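Computed from a prediction, not measured in an experiment: that's the story for all the values here. First the proteins, then the strands, lettered A, B, ... as listed; each starts at 1.
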Amino acid sequence: MTLFKQSVNSQLFIPFITAGDPHSDVTVDLAIALQDAGASAIELGIPYSDPVADGPVIQKASSRALKNGMNIIEAMKLVPKMRKKGLNIPIILFTYYNPVLQLNQESFFALLRENTIDGLLIPDIPFEESEELRQKCKEQSINFISLVAPTSSSRIKMIAEAAEGFIYCVSSLGVTGVRKNFDESITSFLKEVKSYSSVPVVVGFGVSSREQVELLSNICDGVVVGSALVREIERLQTTLMDKEGRQQAIEDFQQFAKTFVLVNEMK
Amino acid sequence: MTLFKQSVNSQLFIPFITAGDPHSDVTVDLAIALQDAGASAIELGIPYSDPVADGPVIQKASSRALKNGMNIIEAMKLVPKMRKKGLNIPIILFTYYNPVLQLNQESFFALLRENTIDGLLIPDIPFEESEELRQKCKEQSINFISLVAPTSSSRIKMIAEAAEGFIYCVSSLGVTGVRKNFDESITSFLKEVKSYSSVPVVVGFGVSSREQVELLSNICDGVVVGSALVREIERLQTTLMDKEGRQQAIEDFQQFAKTFVLVNEMK
Amino acid sequence: GRYGDFGGRFVPETLMTPLAEIEQAHKEAMNDPEFIEEYHYLLKEYSGRPTTITFAGNVTNKLGGAKIYLKREDLNHTGAHKINNAIGQVLLAKRMGKTKVIAETGAGQHGVATATVAAKFGMECKVFMGEEDVRRQELNVFRMQLLGAEVIPVTSGNKTLKDATNEAMRYWVQHCSDHFYIIGSVVGPHPYPYIVREFQRVIGDEAREQFYNIEGSLPTKVVACVGGGSNAIGMFAAFLPDEVELVGAEAAGKGVETDLHAATITKGTRGVLHGSLTYLLQDEYGQIIEPYSISAGLDYPGIGPEHAHLASTGRVKYESVTDQEALNALELLAREEGILAAIESAHALSTAFSHAKKMNQDESILVCLSGRGDKDVHTLMAHYKEVGKA
Amino acid sequence: GRYGDFGGRFVPETLMTPLAEIEQAHKEAMNDPEFIEEYHYLLKEYSGRPTTITFAGNVTNKLGGAKIYLKREDLNHTGAHKINNAIGQVLLAKRMGKTKVIAETGAGQHGVATATVAAKFGMECKVFMGEEDVRRQELNVFRMQLLGAEVIPVTSGNKTLKDATNEAMRYWVQHCSDHFYIIGSVVGPHPYPYIVREFQRVIGDEAREQFYNIEGSLPTKVVACVGGGSNAIGMFAAFLPDEVELVGAEAAGKGVETDLHAATITKGTRGVLHGSLTYLLQDEYGQIIEPYSISAGLDYPGIGPEHAHLASTGRVKYESVTDQEALNALELLAREEGILAAIESAHALSTAFSHAKKMNQDESILVCLSGRGDKDVHTLMAHYKEVGKA
């Protein structure tokens with residue numbers, strides 16, 4: 001199964017949230033809210049002690065979730081709960097490699113299947129080290145999402161040609177986080193990726209405003225939005241944890257998420 | 001002039017006090033009191049910033065006197081004041097070498113003469129370095145007092161034969177200060193000194209009790225008592241500085257000094 | 001990029017090309033006689049190499065067993081073996097046309113070494129250091145600043161070495177075009193463990209020759225402490241082909257049976273941290289556990305992948321040494337030989353002393369004294385105050 | 001025992017025989033190849049000599065004048081030239097059958113060196129240190145204790161180095177039969193200035209040869225700092241017969257026009273202190289004036305008698321360097337060369353830098369970098385805080 005059709009007529013909006021931030025129940029509700037806001041898929045982040053590819057906003061979300069006792073297994077178990085509440089868009093598990101490595105490979109894939117997870121994204125496993133996992137994903141119909149960066153240069157072809165589900169383009173050098181501007185050179189970078197890729201080309205790392213989404217809509221097939229949303233969750237966390245206020249906070253969050261969805265979407 | 005007859009029939013008692021401790025006027029009175037107590041001569045100590053041959057008691061006296069503005073010239077000027085008050089025993093200037101060195105040699109000897117000073121004792125100028133000074137003293141009829149120590153060994157003969165006034169034997173290894181016991185070996189040391197010396201053999205460094213004086217009376221011609229007396233002055237300092245109490249304190253001091261004078265003295 | 005099952009290059013895609021460039025540049029450099037010459041010139045004229053080996057005669061007599069020799073890396077400029085690698089990497093940075101370097105540091109030794117070579121080569125230098133370590137190692141922070149480096153306090157995670165390394169990697173990801181990342185130990189993604197090893201092997205190469213010149217044979221055993229493990233690899237590298245028993249000493253902290261230790265090989269499991277697959281202190285879910293050791297330089301939850309390999313093949317034995325055992329060894333060396341070892345190195349000493357006792361007098365142990373203990377005097381004072389010995 | 005008018009042996013009679021015995025023992029020792037061999041063995045295998053000389057290329061370029069070379073005494077075991085002498089004297093003590101040593105110390109460097117060699121030779125060690133210095137140099141006190149030495153706080157006088165020396169002499173007077181007094185500089189009664197000079201001349205002997213091997217000529221000028229003056233004499237000794245300009249740098253503290261300095265030659269007068277006739281800071285009545293310098297190692301009211309002689313003959317020029325000038329030089333060397341010099345040595349650097357600027361590029365200056373600055377980081381931090389730079 002592939003996450004998305006090879007060619008999409010609408011801009012993909014792929015939000016990222018951290019499992020267990022601020023609480024596992026809330027994560028389920030947030031996922032539903034994101035679907036309702038128009039998300040094309042959700043990246044569900046596994047909190048990790050040493051998230052080297054993440055900026056401060058997601059680092060803090062990770063810390064909060066870890067304090068809540070979240071772990072890779074519990075995180076995956078949230079997906080069936082989401083499904084039960086009506087979630088039907090793809091779920092991509094975003095996790096650093098080490099938590100995966102601690103699970104027996106068979107049981108890891110069993111968990112992915114059991115929990116109806118559609119894709120896997122590991123930010124610290126480059127193409128060369130991922131051979132076996134990619135193969136296994138293919139067998140299990142899990143989309144193994146590849147990242148490609150402006151520094152990838154001669155590696156772009158290799159990565160893009162092997163991409164499944166979508167190809168995740170790092171907008172500029174760096175870690176995740178909110179940024180005001182993108183590098184000029186991104187256009188040519190994305191063009192090159194597109195030229196090799198048979199799956200949607202999605203831009204992430206630093207997408208934080210509607211203007212950026214509009215700007216990017218001409219040169220790619222969608223965006224991943226992480227830190228901007230996680231920061232909103234951080235802002236709302238007290239209300240989200242409050243039984244009486246939660247519904248309103250979820251709605252506020254949904255409204256915020258909508259700003260990243262282009263009106264002419266035809267999903 | 002020599003300080004004492006070559007052979008003395010009584011035990012010499014040579015007290016040491018620091019000029020200007022606790023005050024220059026008091027020093028004059030203390031000198032008179034010591035003469036009255038039976039002192040054979042007085043060592044008048046010049047306070048010095050770095051008294052390496054002195055123990056803590058005399059170091060502190062030095063500090064007090066320096067704070068009072070005492071210096072080598074002012075100290076010498078105290079002697080005529082003592083004479084005016086009836087002092088007729090010899091005065092030996094006890095000074096480290098450096099203050100002497102800062103005076104022009106001619107003016108230093110002029111000061112010694114003017115101020116009726118009889119002897120000179122410099123604890124940090126050994127025999128070999130004192131040639132010139134000893135010569136000059138001889139010309140000026142000032143007794144240059146030599147020290148000899150148990151470690152002097154082969155040097156004893158050289159030092160003792162050249163001694164003038166008296167020869168000052170360091171009782172044991174060390175610096176000045178109160179000690180309870182003397183080294184056993186002192187007897188043979190003093191015997192050797194006596195065998196070469198044509199002047200009285202006096203023991204100093206650590207003489208602090210009448211018992212010691214009695215013990216020593218069999219093997220030498222007298223004692224120098226420093227720290228024990230200076231400690232008494234320290235104890236009495238407040239009263240000594242008090243106009244009304246001074247007389248009593250001087251008398252107390254004199255009584256204390258008498259304990260070092262053997263009753264059978266025939267001075 | 002692998003040592004048996006271990007090592008590799010587990011990093012964000014952004015770093016793959018920069019790492020490949022470094023690998024290529026290093027390979028070329030090591031084949032360039034001019035580069036090698038400049039490296040050795042600096043080791044000699046700047047850092048004062050060769051460092052001597054000292055026969056610890058008093059300790060040897062006291063223990064009554066094998067002869068103990070010390071490779072004196074403490075006599076290097078800046079006081080530890082760290083400078084060997086910093087010199088090598090800064091030369092590589094220069095060769096690659098980089099003008100800015102970054103480094104991570106725990107206690108500050110690698111930070112000082114990096115700041116030192118950055119000053120010598122006129123490069124801008126940023127040192128990432130956990131906020132907690134910045135507070136504890138105030139003097140080293142000031143030393144780095146005096147040398148012109150900027151010290152960046154890291155407030156993420158537990159605010160110690162692991163987090164400083166994370167932050168340095170994040171910074172590097174964002175600035176890899178003009179920055180060179182000088183990693184301080186044989187850790188990190190390939191080619192770093194290899195590069196650091198090659199720049200540290202001067203320790204073992206020198207020591208092997210020096211020892212042979214004195215004793216006419218090779219030592220029976222060679223011992224070094226292991227945090228990330230750069231001094232140990234540098235020492236062991238020369239002896240790997242020989243029939244010499246190699247022993248690594250890792251930090252057991254309050255004891256490997258407690259939660260407070262840094263005994264990565266004794267108690268760790270396989271995992272990926274800071275770009276390589278190795279043994280780690282981690283929980284069942286792969287979350288890294290903060291290690292503990294009285295020695296800031298051994299206080300790392302991972303270990304160099306080559307050590308993981310050497311442990312798994314059995315070529316090197318790794319033993320763990322508690323804080324107290326290390327301090328006892330430090331004290332013994334100070335009292336008997338007048339040498340104040342770094343607490344890190346004292347772990348190696350402790351292991352060496354235990355072995356020496358059980359060996360014959362015609363046998364010998366060569367210990368890597370990786371650094372001097374001046375930096376640890378504060379820690380030691382605090383410790384002795386705590387246990388009421390001072 | 002004289003250097004021109006200076007030197008001599010102005011001590012209590014009790015010390016005359018012990019000093020004569022030391023003189024004799026030293027003379028015999030220096031003619032005993034076994035003694036010389038053991039001394040050089042320890043310098044090499046224990047302290048890591050020869051220390052290298054480092055070309056300070058960046059500073060040279062920055063100043064645009066003479067080439068500046070640094071003799072790296074900071075790379076010695078314990079971090080300064082002090083160990084050269086301590087090794088020599090402890091060997092002498094051993095030769096004389098003494099089992100206990102004493103020493104005076106100011107900032108603690110000579111105390112640490114003495115405690116070090118005492119540990120190595122299994123001797124009991126007492127270090128006299130002014131109570132004020134004990135307080136200020138807490139870490140060095142602890143280092144000495146770790147090495148097994150007893151640190152005796154001196155409460156007399158101003159409670160600093162001068163008073164510690166007085167007290168050490170007093171203690172020695174009382175215990176000279178079984179104690180050897182290891183004096184730390186070229187001061188004190190004969191034969192100490194001579195003994196210390198001979199044990200420190202390894203600095204100059206090595207440097208002269210090393211420099212010649214590099215440059216094919218001798219340096220135009222040689223510069224060293226002067227407190228008591230042991231590193232300077234050690235350096236100068238080798239160059240005295242040559243046509244090389246020798247410059248000593250003494251501490252001007254807050255300025256020689258103020259009361260706060262330690263510029264003994266610039267501002268001192270003749271007198272006797274600690275057993276020898278030399279230049280002193282003293283008042284008209286011969287009372288010693290407490291000197292001041294930011295550098296604890298130059299903070300001494302006297303100077304070695306040979307320096308007094310070399311100053312009076314004009315063979316060596318002595319210039320004074322203020323605290324601020326020394327700190328500027330220290331900072332420049334740290335920033336440009338990655339070397340943290342002791343504040344003492346920074347006085348020599350400052351003088352060398354001033355000279356270098358006015359010299360031609362084909363000329364050269366050899367500077368004795370007598371010790372490393374790690375010990376001074378506290379002082380530097382306090383200073384920079386005071387002036388608002390940190």
message = Among C:Leu42, C:Val117, C:Leu380, C:Thr78, which residue has the highest count of heavy-atom pairs closer than 4.5 Å to chain D?
response = C:Leu380
key: Partner chain C: residue of D:Gln210, D:Lys44, D:Glu138, D:Arg72 with the largest heavy-atom pair count (under 4.5 Å)   = D:Arg72
key: Contact class of D:Ile214 relative to chain C, heavy atoms under 4.5 angstrom   = side chain
message = If I measure from the heavy atoms of chain C, does D:Leu330 come under 4.5 Å with its side chain, its backbone, both, or neither?
response = side chain
Between C:Phe55 and D:Tyr46, ring centroids under 6.0 Å = no
query = Side chain, backbone, both or neither: which part of C:Glu337 has a non-hydrogen atom closer than 4.5 Å to chain D?
reply = both
task = Give the member of C:Leu139, C:Thr116, C:Leu340 that has the highest number of heavy-atom pairs under 4.5 Å with chain D.
result = C:Leu139
query = Between D:His378 and C:His378, what is the ring plane arrangement, given parallel below 30°, perpendicular above 60°, and tilted in between?
reply = perpendicular
Within 6.0 Å of CD in C:Glu209, more than 12 heavy atoms from elsewhere = no
note = Rounded to the nearest 0.5 Å, the OG1 atom of C:Thr52 sits from the NE2 atom of D:His77 at a distance of 11.5 Å
note = So CZ of D:Phe142 and NZ of C:Lys385: to nearest 0.5 Å the spacing works out to 8.5 Å
request  = Flag the pair C:Asp374 and D:Arg143 as a salt bridge only when some basic side-chain nitrogen lies within less than 4.0 angstrom of an acidic carboxylate oxygen.
outcome  = yes
key: Interchain contact, C:Tyr41 with chain D, by part (heavy-atom threshold 4.5 Å)   = side chain
request  = Among the options D:Gly122, D:Ala334, D:Ser47, pick out the one with the most heavy-atom pairs lying under 4.5 Å from chain C.
outcome  = D:Ala334
query = By a 4.5 Å heavy-atom criterion (distance strictly below it), what part of D:Asn140 contacts chain C: side chain, backbone, both, or neither?
reply = neither
key: Segment of D:Arg49 engaging chain C (4.5 angstrom heavy-atom cut-off)   = neither
task = Find the one option among D:Leu146, D:Leu333, D:Thr51 whose heavy-atom pairs under 4.5 Å with chain C are most numerous.
result = D:Leu146
inquiry  = A side-chain contact here means heavy atoms from C-beta on lying under 4.5 Å apart; do C:Arg335 and D:Leu147 qualify?
reply    = no
ask   = Where is the tightest heavy-atom contact between D:Lys120 and C:Thr54, given as atom of each residue plus distance?
value = NZ-CG2, 4.4 Å
